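Dumping the structure here so I can ask a few things about it.
The model shown is predicted, which means the values in this text are computed figures rather than measured ones. Computed from heavy atoms alone, side chains included, the values below leave out hydrogens, waters and symmetry copies.
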Amino acid sequence: MQTYKMFIDGKWEDASNGDTFETKNPFNGQTWAAIPKGGKQDAERAVEAAHRAFTRGAWPKLTASARGHLLRRLGDLIAENAEHLATIEVTDNGKLINEMLFQLKYIPQWYYYFGGLADKIEGAVIPIDKADTFNFTRNEPLGVCVGITPWNSPLLLLAYKLAPALAAGNTFVAKPSEFTSASTLEFAKLVEQAGFPAGVFNVVTGFGADVGETLTTHKHVAKIAFTGSEGTGRKIGELAARNFKKVTLELGGKSPHIVFDDAEIDNAVNGVISGIFAATGQTCIAGSRLLVQRKIHDQFLEKIVNLAKTARMGDPLLTSTQVGPVTTPPQLEKILGYIDIARGEGAECVLGGGRPDNAELSKGWFVEPTIFSGVRNDMRIAQEEVFGPVLAVIPFDSDEEAVHIANDTNYGLAAGFWTQDMRRILKVSAAIQAGTVWVNTYRVISYMSPLGGYKHSGIGRENGIASIQNYMQTKSVMISTAEDVANPFIMR
């Protein structure tokens with residue numbers, strides 16, 4: 001069994017109390033690694049190390065170009081170790097090796113992009129209305145930033161936060177999910193190898209009540225970036241607000257995936273299946289509400305059921321597997337609970353609806369790809385985030401009704417729709433209340449394009465040029481060129 005240590009101030013250490021907790025493989029339920037069970041003292045040490053690294057030592061003396069070089073070196077190391085990191089993530093969270101390897105091969109682009117951006121963040125000279133004053137602005141780092149990541153894509157979602165934070169000159173403490181801590185600890189080895197000064201990047205593992213809350217409330221923490229559930233995000237936001245800390249929150253979703261009657265049907269079928277089942281539904285952007293125009297509803301439903309029936313469930317480390325297990329036992333029970341709720345509300349289960357009847361999968365945490373038809377948008381299955389391979393199918397008649405149903409939710413992270421009508425593309429994409437809208441595709445992301453939510457789906461944006469501003473603050477500098485000092489009792 002693999003035994004890990006935390007990474008604090010450039011050193012590999014056990015938890016201060018010596019405790020560990022087990023991490024299990026979702027495919028077979030077996031314990032494969034021991035993770036340090038950090039506590040308040042460990043979180044405080046990590047923040048203090050990051051604060052020292054930010055205020056003195058080598059890091060604040062580096063030029064922005066030098067920071068960019070380190071980030072690009074880190075990107076190279078991730079690329080060199082992509083297969084190893086992907087295997088660790090699959091062993092820890094049960095997602096498909098095909099998907100995780102794609103992610104790990106793509107993640108270096110975040111470090112290349114923000115590494116290149118590091119020395120291109122400029123201030124401005126402002127021609128203000130004072131003839132004897134020279135005014136310019138500087139963009140400066142915030143200080144210690146905390147990244148709290150979920151279990152579904154730990155290193156990708158860490159890259160969303162870490163790359164811009166370091167490019168801007170901040171230091172960082174990462175707190176991965178207690179269910180999937182191993183890949184972040186493996187990643188820390190690459191940060192060390194890249195040559196970042198001690199304390200610039202730290203990893204504290206443990207549970208939210210001890211580690212997460214300490215990191216969120218520590219006086220030296222300037223910003224918290226969190227991806228996860230709405231409930232936890234709300235708590236983090238409330239704690240951070242007490243001391244006016246900056247936050248970026250990427251929270252839940254109940255994304256509408258709309259198919260109009262002029263869509264390329266086969267393409268839309270593939271897009272819908274990918275949107276909900278390819279990641280076992282374990283993504284905030286999952287297209288979990290399928291809205292189908294009534295004219296093609298029955299035909300389309302038949303096609304997605306027939307395709308979903310062919311999905312191969314099994315070992316996520318095999319490239320032939322198409323649907324893997326869910327990541328945690330609590331999540332498994334939550335998904336099965338929502339399936340029961342949907343049945344109780346009157347939705348018709350037309351595919352799946354439980355654990356697979358397969359002895360080879362019995363030790364793992366598997367749920368069959370499940371499709372419900374006859375769903376109303378006021379049902380809990382259509383309003384609450386299931387975070388599993390469960391699709392709710394809702395018919396609609398007009399464009400206006402589709403938009404109304406799409407927006408009739410507390411969430412607004414993502415949406416997608418399929419049509420060949422350019423007028424409809426422009427009108428519907430403008431009307432949908434979501435941070436990302438895909439047209440004739442789904443689940444496309446880029447390090448260059450902002451991602452974030454409307455309504456209860458979060459605050460702020462990650463990725464793209466604008467995201468680095470979330471890790472900086474603007475200072476205005478005014479220099480007098482006047483020969484005489486003005487009346488001190490009058491504001492100039």
Query raised in the report: For atom CD of E83, is the number of surrounding heavy atoms from other residues, nucleotides or ligands below 6.0 Å larger than 12?
Result: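 For E83, atom CD is not crowded (no more than 12 foreign heavy atoms under 6.0 Å).
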Query raised in the report: Is the closest side-chain donor-acceptor distance between T409 and K455 under 3.5 Å?
Result: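 Result is no, nothing qualifies.
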Query - OH on Y471 to CG on N170, rounded to 0.5 Å - result: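 One finds 8.5 Å between CG of N170 and OH of Y471.
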Query raised in the report: Which is it for D92 and W32 under the side-chain hydrogen bond (donor to acceptor under 3.5 Å, both in side chains) test, yes or no, and what are the steps along the way?
Result: CA-CA 9 Å; D92 224 8; W32 75 275; 3.3 Å; yes
Query raised in the report: Would a distance-only check, ignoring hydrogens and angles, find a side-chain to backbone donor-acceptor pair under 3.5 Å from R289 to K254?
Result: yes
Report task. Find out whether T91 and N25 are in side-chain contact, i.e. whether some heavy atom of one side chain is under 4.5 Å from a heavy atom of the other. Result -> yes
Query raised in the report: Once you round to the nearest 0.5 Å, how far does NZ of K189 lie from CD of E186?
Result: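 CD of E186 is found 3.5 Å from NZ of K189.
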Query raised in the report: How far does CD1 of I371 sit from CG of L301, to the nearest 0.5 angstrom?
Result: 6.5 Å
Report task. Using atom types as modelled and distance alone, determine if a side-chain donor or acceptor of T419 lies under 3.5 Å from a backbone N or O of A263. Result -> no
Query - L391 side chain near H257 side chain, heavy-atom distance below 4.5 Å - result: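 Of all side-chain heavy-atom pairs linking H257 with L391, none is under 4.5 Å.
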Query raised in the report: Any side-chain donor paired with an acceptor under 3.5 Å for Y411 and E385?
Result: no
Requested in this report: Using atom types as modelled and distance alone, determine if a side-chain donor or acceptor of T310 lies under 3.5 Å from a backbone N or O of L307.
Outcome: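 Such a contact is found between T310 side chain and L307 backbone.
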Query - Closest contact, heavy atoms only, F179 versus P330 - result: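 Looking at all heavy atoms of both residues, the closest pair is CZ-CG, 4.4 Å.
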Query raised in the report: With a 4.5 Å heavy-atom cut-off, do E250 and L413 have their side chains touching?
Result: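 Yes - at least one pair of side-chain heavy atoms lies under 4.5 Å apart.
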Query raised in the report: Is Y442 reaching over with its side chain to a backbone N or O of I285, donor-acceptor style, under 3.5 angstrom?
Result: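 Yes.
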Query raised in the report: Looking at side-chain heavy atoms only, is the closest gap between T227 and K161 below 4.5 Å?
Result: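 Yes, side chains in contact.
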Query raised in the report: Backbone N or O of G354 within a donor-acceptor pair of the E368 side chain at under 3.5 Å?
Result: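 Yes; judged by distance alone, with no hydrogens or angles, the pair exists.
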Requested in this report: With rounding to the nearest 0.5 Å, note down the distance linking CD1 in I97 to CG in L318.
Outcome: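 The CG atom of L318 is 10.0 Å from CD1 of I97, to the nearest 0.5 Å.
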Report summary line: When every non-hydrogen atom of I35 is compared with those of Y4, the smallest separation belongs to CD1-CD1, 3.7 Å
Query raised in the report: Is the shortest side-chain N to carboxylate O distance from E345 to R376 below 4.0 Å?
Result: no
Query - T321 side chain to D315 backbone, donor-acceptor under 3.5 Å - result: yes
Query raised in the report: When the aromatic ring centroids of F260 and W418 are compared, is their separation below 6.0 Å?
Result: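 No, the ring centres sit 6.0 Å or more apart.
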Query raised in the report: Hey, what's the ring geometry for F201 with F172, parallel, tilted or perpendicular (30° and 60° as the breaks)?
Result: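 Judged by the thresholds at 30° and 60°, the geometry between F201 and F172 is parallel.
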Query - Contact check, side chains of L155 and L158, non-hydrogen atoms, under 4.5 Å - result: yes
**Report entry** D340 side-chain N/O to G337 backbone N/O, donor-acceptor pair under 3.5 Å
**Finding:**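 No; zero donor-acceptor contacts below 3.5 Å.
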Query raised in the report: Is T23 close to T180 at the side-chain level, that is, under 4.5 Å between some pair of heavy atoms?
Result: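 No, every pair of side-chain atoms sits at 4.5 Å or beyond.
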Query raised in the report: At what distance, to the nearest 0.5 angstrom, does CG of D42 lie from OG1 of T205?
Result: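 Reported value, rounded in 0.5 Å steps: 8.0 Å.
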Query raised in the report: Are R72 and Y111 side-chain neighbours, meaning at least one heavy-atom pair lies under 4.5 Å?
Result: no
Requested in this report: Mind telling me whether Y106 and W110 have parallel, tilted or perpendicular rings, with 30° and 60° as the class edges?
Outcome: perpendicular
Query raised in the report: Are the side chain of D19 and the backbone N or O of K37 linked by a donor-acceptor pair below 3.5 Å?
Result: no
Query raised in the report: Can you tell me if Q331 uses its side chain to pair, donor with acceptor, with the backbone of F387 under 3.5 Å?
Result: yes
Query raised in the report: Between V259 and L290, which heavy-atom pair has the shortest distance, and what is it?
Result: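 Taking every non-hydrogen atom into account, CG2-CD1, 3.9 Å.
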Query raised in the report: Does F366 reach the side chain of F27, with side-chain heavy atoms less than 4.5 Å apart?
Result: yes
Requested in this report: Ignoring hydrogens and angles, tell me if any N or O in the side chain of N470 forms a donor-acceptor pair with the backbone of T248 under 3.5 Å.
Outcome: no
Requested in this report: Going by the side chain to side chain donor-acceptor pair (under 3.5 Å) test, name the single residue among N93, N152, T327 that passes it with Q282.
Outcome: T327
Report task. Please round to the nearest 0.5 Å and tell me the distance separating atom NZ of K40 and atom NE2 of H218. Result ->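 Output value for this atom pair is 9.0 Å.
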Query raised in the report: Side chains of T216 and K245: is there a donor and an acceptor less than 3.5 Å apart?
Result: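 No, K245 and T216 have no side-chain donor paired with an acceptor closer than 3.5 Å.
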Query raised in the report: Which pair of non-hydrogen atoms, one from L251 and one from C284, has the smallest distance, and what is that distance?
Result: O-SG, 3.4 Å
Query raised in the report: Hey, is E230 close enough to R234 for a salt bridge, meaning N to O under 4.0 Å?
Result: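 Counted as a salt bridge, because a side-chain N and a carboxylate O are separated by less than 4.0 Å.
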